[in-house]
Amino acid sequence: MTGANPREPGLGATYQDAGVSIEAGDRAVALMRDAVARTAGPEVIGGIGGFAGLYDASRLTGYRRPLLATATDGVGTKVVIAQRLGRYGTIGLDLVAMVVDDLVTCGAEPLFMTDYVVFGRLSADRAAEVVGGVARGCELAGCALLGGETAEHPGHLGPDDFDLAGAATGVVEADALLGPDRVRPGDAVLALASSGLHANGYSLVRRIIAEAGLALDAEPSGLGRTLGEELLTPTTIYARDCLALAAGCEMHAFAHVTGGGLAGNLARVLPPGTGATVDRGTWRPPAIFGLLAGHGGVGQDEMERVFNMGVGMVAVVAANDADRALDQVNSRGVRAWPAGKVTSGGEGVRLVGAYQA
């Protein structure tokens with residue numbers, strides 16, 4: 001070719017020269033193999049390393065009319081906090097929670113999940129730590145980690161940068177489908193406590209702590225731990241608790257409280273012509289929310305629009321079954337309380353009263 005300047009034989013460009021290590025990828029797969037295998041039930045065919053994950057769907061023949069449900073999500077810029085602290089073992093739990101807790105809102109049992117993890121520079125140990133967290137989350141959710149991809153993108157991401165996303169598939173019997181069609185005026189609104197920020201609003205969180213000069217290794221008053229530990233607290237995985245409620249009570253809907261806050265997400269499961277009232281006075285938001293609002297000068301409306309304010313999942317249940325539902329979920333170790341009710345007329349969700357001090 002005219003103008004070409006080929007390398008001498010034996011000195012050709014390699015993938016390693018471009019920043020991608022196939023050997024590191026192979027070692028990462030070997031390190032994560034056992035963690036992934038622990039999520040596999042008898043329905044999983046084969047193991048890690050194939051081109052596609054296989055799941056025996058013959059169990060669906062036991063359903064009268066099985067509906068498949070799917071959800072996908074990531075963990076946003078919470079990954080930046082993990083990167084800064086060099087702690088990668090819990091971020092995979094966040095990923096599973098963000099996906100399966102969306103999936104379960106319609107009453108679907110999560111069957112399997114796949115993940116995608118990408119690094120600027122692949123460290124086998126770091127990759128195995130991230131995926132190990134995903135596997136642990138799948139165990140807690142009761143689903144298989146069926147497959148995934150670990151990638152290396154030098155030049156696209158910085159050497160220490162990474163990101164992850166995932167998708168899950170579940171199944172629900174058609175006549176057990178939860179959602180707006182079941183919700184009625186008078187239904188009780190139950191709040192299930194969050195573990196903290198979960199995995200939403202971290203772009204605002206990072207801006208506040210940067211502008212306030214807050215150190216991740218500092219221990220602000222009221223937190224009882226370092227700021228970094230608080231920010232990396234894993235998102236609660238409610239999947240099995242929600243499924244138990246759906247099986248044991250007259251449950252009508254669940255709302256996963258993520259971006260948009262409690263009001264925005266609860267509104268998604270209300271049928272036309274109804275609203276809901278939620279009393280702030282029924283709970284006290286964890287200290288991290290007050291800390292962020294104070295240091296960032298963030299108003300209450302914005303705090304409630306961005307963050308969960310201490311409520312990670314909302315259950316809408318028939319009023320006459322609310323006490324039983326509360327007893328059941330609290331017995332499973334999830335703190336829950338009556339927070340409001342569905343109303344006739346009006347649209348949307350009203351938050352009333354003041355939070356407990």
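For the numbers below, each heavy atom of this structure counts, side chains included, while hydrogens, waters and symmetry mates do not.
- Residue Leu190 comes nearest to Ala325 through the heavy atom pair CD1-CB, 3.8 Å, listed as atom of the first residue, atom of the second, then distance.
- Counting only distance, with no hydrogens or angles, the side chain of Thr226 and the backbone of Ala218 share no donor-acceptor pair below 3.5 Å.
- In this structure, Thr77 contributes its side chain and Val80 its backbone to no donor-acceptor pair below 3.5 Å.
- When all heavy atoms of Gly89 and Glu129 are compared, the pair lying nearest together is N-OE2, 3.4 Å.
- Taken together through direct or relayed side-chain contacts under 4.5 Å among Ile, Leu, Val, Met, Phe, Trp and Tyr, Val269 and Val278 form part of one hydrophobic cluster.
- The closest donor-acceptor contact from the side chain of Glu304 to the backbone of Ala263 lies at 3.5 Å or more, if one exists at all.
- Of the possible polar contacts, one joining the Arg126 side chain to the Arg121 backbone as a donor-acceptor pair under 3.5 Å is found.
- From Ile208, atom CD1 reaches atom CZ of Arg206 across 11.5 Å, with rounding to the nearest 0.5 Å.
- Within the 4.5 Å cutoff, side-chain heavy atoms of Tyr202 are placed close to those of Leu231.
- Minimum interatomic distance between Thr236 and Ala193 (heavy atoms only, all atoms of both residues): OG1-O, 4.4 Å.
- Side-chain atoms of Arg225 and Thr233 form a donor-acceptor pair, as typed in the model, at a separation below 3.5 Å.
- Atom CG of Leu262 and atom CG of Asn308 lie 8.5 Å apart (nearest 0.5 Å).
- No side-chain heavy atom of Leu164 sits less than 4.5 Å from a side-chain heavy atom of Asp115.
- A distance of 10.0 Å separates CG of Leu93 from CD of Glu139, quoted to the nearest 0.5 Å.
- Taking NZ of Lys78 as the start and CG of Leu232 as the end, the distance is 6.5 Å to the nearest 0.5 Å.
- Here Asp217 contributes atom CG and Glu229 contributes atom CD; the two are 10.0 Å apart, rounded to the nearest 0.5 Å.
- Here the side chains of Val96 and Leu145 are not in contact, with every heavy-atom distance at 4.5 Å or above.
- Checked by atom type, the side-chain pair Asp94/Thr235 shows a donor-acceptor distance below 3.5 Å.
- Arg182 contributes a side-chain N or O that, together with a main-chain N or O of Leu177, makes up a donor-acceptor pair within less than 3.5 Å.
- Using a 4.5 Å heavy-atom threshold, the side chains of Asn265 and Val314 count as separate.
- In terms of hydrophobic clustering, with Ile, Leu, Val, Met, Phe, Trp and Tyr side chains grouped at heavy-atom distances under 4.5 Å, Leu103 and Tyr63 are assigned to different clusters.
- Not one N or O on the side chain of Asn200 forms a donor-acceptor pair closer than 3.5 Å with the backbone of Val306.
- Partner of Val298 under the side chain to side chain contact (heavy atoms under 4.5 Å, CB included) criterion, chosen from Glu302, His295, Gln300: Glu302.
- Under the 3.5 Å distance criterion, the side-chain polar atoms of Arg184 are left unmatched by any main-chain donor or acceptor of His252.
- In this pair, Tyr238 and His256 present their aromatic rings perpendicular. The plane angle is above 60°, beyond the 30 to 60° band.
- Contact check for Val205 versus Leu197: side-chain heavy atoms found under the 4.5 Å cut-off.
- Leu178 and Leu192 fall within the same hydrophobic cluster, where Ile, Leu, Val, Met, Phe, Trp and Tyr residues are linked whenever their side-chain heavy atoms come under 4.5 Å apart, directly or through other members.
- Judged by distance alone, the side chain of Glu219 and the main-chain N or O of Leu227 form no donor-acceptor pair under 3.5 Å.
- Shown here for Leu95 and Gly166, the closest heavy-atom pair between the two residues is CD1-N, 3.5 Å.
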Worksheet item: Please walk me through it: do Thr258 and His198 pass side chain to side chain contact (heavy atoms under 4.5 Å, CB included)?
Response: CA-CA 8 Å; Thr258 55; His198 285 182; over 6 Å; no
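- A 6.0 Å sphere centred on CG of Asn330 holds more than 12 heavy atoms belonging to other residues, nucleotides or ligands.
- Connection of Val75 to Leu157 is not established within any shared hydrophobic cluster, with ILVMFWY side chains joined at heavy-atom distances below 4.5 Å, either directly or through further cluster members.
- Ring geometry, Tyr88 versus Phe162: the interplanar angle exceeds 60°, so the pair is classed perpendicular (tilted spans 30 to 60°).
- Between the CE atom of Met313 and the CD1 atom of Ile237 there is a distance of 11.0 Å, given to the nearest 0.5 Å.
- Counting non-hydrogen atoms of other residues, nucleotides and ligands closer than 6.0 Å to CZ of Arg305 gives a total of 12 or fewer.
- When side chains are defined from C-beta on, Arg240 does not count as touching Leu140, because their heavy atoms never get closer than 4.5 Å.
- Counted by atom type alone, Asp56 and Ser58 present one or more donor-acceptor pairs between their side chains at under 3.5 Å.
- Of all non-hydrogen atoms in Glu230 and Gly196, the two that sit nearest each other are OE2-CA, 4.4 Å.
- Panel note: side chain Asp101, backbone Ala239; a donor-acceptor pair is recorded below 3.5 Å.
- For Phe254 against Thr105, the heavy-atom pair with the smallest separation is O-CB, 3.5 Å.
- Side-chain contact check for Asp163 versus Tyr116: every heavy-atom pair is 4.5 Å or farther apart.
- A salt bridge links Arg59 with Glu109: the closest approach of a Lys/Arg side-chain nitrogen to an acidic carboxylate oxygen falls below 4.0 angstrom.
- Remark: side-chain polar atoms of Thr274 are not paired, donor with acceptor, to backbone N or O of Pro185 under 3.5 angstrom.
- Transitive grouping of hydrophobic side chains (ILVMFWY, heavy atoms separated by less than 4.5 Å) brings Leu351 and Met303 into a common cluster.
- In this structure the side chain of Leu292 never reaches within 4.5 angstrom of the side chain of Leu204, judged on heavy atoms.
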